[in-house]
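Presented below is the structure to which this report refers.
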Protein chains: 2
Amino acid sequence: MSGERSKAARNRPTIHDVAAAAGVSRGTVSRALNGGRNVSPAALQAVLKAVRTTGYVANPAARSLVTQRAHSVAFVLTEPQQRLFEDPNFSILLQGCTQELAELDVPVLLMTASTEVERKRTSRFIAAGHVDGVLLVSSHTGNPLLEELRDSGIPVVACGKPIGHEGQVAYAAADDRSGARLMVEHLRSRGRRRIATITGPPDTPGGVERLAGYRDVLGPDASPDLIAHGDYSRAGGEAAMAALLERAPDLDAVFVASDLMAAGALNVLHDSGRRVPEDVAVGGFDDSSIATSTRPALTTVRQPFQRITREMVRLLLEQIQGEPPAASILPTELVVRAST
Amino acid sequence: MSGERSKAARNRPTIHDVAAAAGVSRGTVSRALNGGRNVSPAALQAVLKAVRTTGYVANPAARSLVTQRAHSVAFVLTEPQQRLFEDPNFSILLQGCTQELAELDVPVLLMTASTEVERKRTSRFIAAGHVDGVLLVSSHTGNPLLEELRDSGIPVVACGKPIGHEGQVAYAAADDRSGARLMVEHLRSRGRRRIATITGPPDTPGGVERLAGYRDVLGPDASPDLIAHGDYSRAGGEAAMAALLERAPDLDAVFVASDLMAAGALNVLHDSGRRVPEDVAVGGFDDSSIATSTRPALTTVRQPFQRITREMVRLLLEQIQGEPPAASILPTELVVRAST
DNA sequence: ACAACTACTGTGCACGTTCACAGCGCGGTT
DNA sequence: AACCGCGCTGTGAACGTGCACAGTAGTTGT
């Protein structure tokens, strides 16, 4: 990254040029542009006009250097890269956070930390002060990155409850447990009696909480035969569904802990000759774009992604302002479609 | 974004601290860290050790200020936001570019420009010098952003041929036309005679080129009845398929210009009682993650996304170094699965 | 009348780095 | 012996901004 300066960089007007054009001093220009307090109306107008004529835009590096703030935020994904484009949830979170922050003129840096090398790089990068805070999308517990970030003192907001760090790390999450209860109660109300479940990984909050909600409703009916573990991937959903059919061929419903896994489960049920929902009812979780694209369309539990991203951003900005980390638990909603 | 300084920002070691710890001067530390030329082995070792003990990481803002380089790059998406999580192509491009650049320690800023407001914001942001270059993912022609960027003189690489700007703007693209030919020839070789197509929007390179490839093969057989336009969305694919069935109920194959639209078309064919591939063969384009998740799995044309992203990054870095914009056209490949 | 306050303005300094330059010692050539 | 070139080193300046401070003019209060 060296060589000729681009046309954009060359001759870019500085705050001095604006001051000269407006007939005031640098300080006045700076004040006029940052809040405009203690600036006379005449000076303010002159500055604004000079900004227009010169095409001045403040140099972010110079500003960062003196304010000790990067004025940007990192979105860090610790999941395998595959996930970003297989599971729409991640894109939705990314897009929601980006949009939310764009309105505040805060750019989002996208970083991944799925391998050891990437984690080191990301960690070092963040430690360098490139960003003021981190939006961390990492479901698996035990990832060293979270502790590294916490130790470095940089504001962090996790998406989903950070198991083992509750109270120390801010987070926003849907109420997984009661969402799962909603779904399982719904399946029961449809007359289903052999309700199986495909869970998320046991080291993720969604894996734990959604299973807990399932157990809340079924109690002793939640036999181990009816519980299979998935990894939130489509292939994982397929494998888990196949295992369930092997162990409990008489099941008449499945609550799947994510829409993507549910789509995999639907394919396996289809291949096994079972009709959905006549023979087996299928419930998902997320209400992602997948839910309406399967045949039949998925009954699912809606995660309020827009509120989640809004809360993540709010919690992060709060911490950047110096407030202590907090948490937000958001309600879920049952969305009934054709699969139950 | 003001308030207390975070723990990370407080007491961060500077190059002075490293110099003091190593018993050398700032200049020597700087030289040792940037290439290490004209530095004695003893000094180099001392500096490296001091860096380790102090935990020094260079301040990016200070570096940017003096080098006049942001050392970062923007990934700008001008499509409707919906697309980012509906169509895996965008996530793949994003993830590919991010990974490619991460290895060079260049962070990627994600920005959208789907509305007028966003475009203005993004344009201003880029003009401010936050980034050294732009990876532009914008299929529709006539977007003012491209001209704004070109006028500002910042290096830009488009993904897909920028219609009307060839030769002025660098780009990387798959060879859409010959890819389409591959698919239509394949359908013919399967004995299909009434081959329809669902195109992309006529103001996109994929919309134009893939249709041209279809016409190349079919010649006079490409009757208007057999051509429907989609918008690269799943819903668009559904609508186009429904229209085709209306106009040409005897069709026995469809070449769809994207996997996502093809998935929509499959659903409509399924709902209309037609069997795939027995009654109607369906070919997609992209070989995205969707292709293996439909039932039946999609025969499709593989876009070499990894090479595309690699080329985009290469072309961008070249321009940042001062070289003129160039273009890369990459070959496609037919992937035969169950839908044909 | 003078002091005290308010509203506004200009100036020096600092942020942390890179780069150009000058200085140094040392070995080899004139 | 004086000179030159070479490898290495330290130092001052500059990048462009925000902020603290000092200063000025005008207004209010006693």
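Proteins come first, then strands; the chains are lettered A, B, ... in the order of their sequence lines, and each starts at number 1.
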With respect to the side chain of [X], which nucleotide from [options] is positioned closest?
X	options	result
A/S25	D/dC8, D/dG10, C/dT11	C/dT11
A/A43	D/dG16, C/dT9, D/dT9	C/dT9
B/N59	D/dT9, D/dT17, C/dG16	C/dG16
B/S40	D/dG16, D/dT9, C/dG10	D/dT9
B/V24	C/dC13, D/dG10, C/dT9	D/dG10
B/V66	D/dG12, C/dG16, D/dC8	C/dG16
B/I15	C/dG10, C/dT17, D/dT17	C/dT17
B/P41	D/dC8, C/dT17, D/dG16	D/dC8
B/S30	C/dT9, D/dG16, C/dT18	C/dT18

Roughly how many Å is it from [atom1] in [X] to [atom2] in [N], rounded to a whole number?
X	N	atom1	atom2	result
B/R26	C/dA22	CZ	P	17 Å
A/H16	D/dG18	NE2	P	11 Å
A/L33	D/dG18	CG	C1'	12 Å
A/H71	D/dT17	NE2	C1'	11 Å
B/L65	C/dT18	CG	C1'	10 Å
A/D17	D/dC15	CG	C1'	14 Å
A/L44	C/dT9	CG	C1'	14 Å

| query | If each of A/R31 and B/A62 is mapped to the nucleotide of DNA chain C with the nearest heavy atom, which maps nearer the 5' terminus, i.e. the 5' end? | reply | A/R31
| task | Please figure out whether A/R37 or A/G27 has its closest DNA chain C nucleotide nearer the 5' end. | result | A/R37
| query | With sugar-phosphate meaning primed atoms plus P, OP1 and OP2, does A/A61 contact a base, only sugar-phosphate, or nothing at under 4.0 Å between heavy atoms? | reply | nothing
| message | Just so I know, are the side chains of B/F90 and B/V137 near enough to count as touching, which here means a heavy-atom distance under 4.5 Å? | response | yes
| task | Using a 4.5 Å cut-off on heavy atoms from C-beta on, say whether the side chain of A/L317 contacts that of A/L104. | result | yes
| request: For salt bridge (Lys or Arg N to Asp or Glu O under 4.0 Å), just list the numbers for A/R150 and A/E147, CA-CA rounded to whole Å, side-chain angles, deciding distance to a tenth of an Å, and then say yes or no. | output: CA-CA 5 Å; A/R150 202 199 47 197; A/E147 299 185 5; 5.1 Å; no
| note | salt bridge (Lys or Arg N to Asp or Glu O under 4.0 Å) filter on B/K49, not counting sequence neighbours, yields none
| task | Return yes if the base of D/dG18 and the side-chain atoms of A/R69 contain a donor-acceptor N/O pair under 3.5 Å, otherwise no. | result | no
OP1 or OP2 of [N] versus the side-chain N and O atoms of [X]: is any pair under 4.0 Å?
X	N	answer
B/T67	C/dT18	no
B/N38	D/dT9	no
A/Q68	C/dG16	yes
B/S64	C/dT17	no

| field | Derivation of the salt bridge (Lys or Arg N to Asp or Glu O under 4.0 Å) call for A/E116 and A/K120 | value | CA-CA 6 Å; A/E116 182 75 8; A/K120 287 249 170 77; 3.7 Å; yes
| query | Are side-chain N/O atoms of B/Q319 and B/E323 paired as donor and acceptor at under 3.5 Å? | reply | no
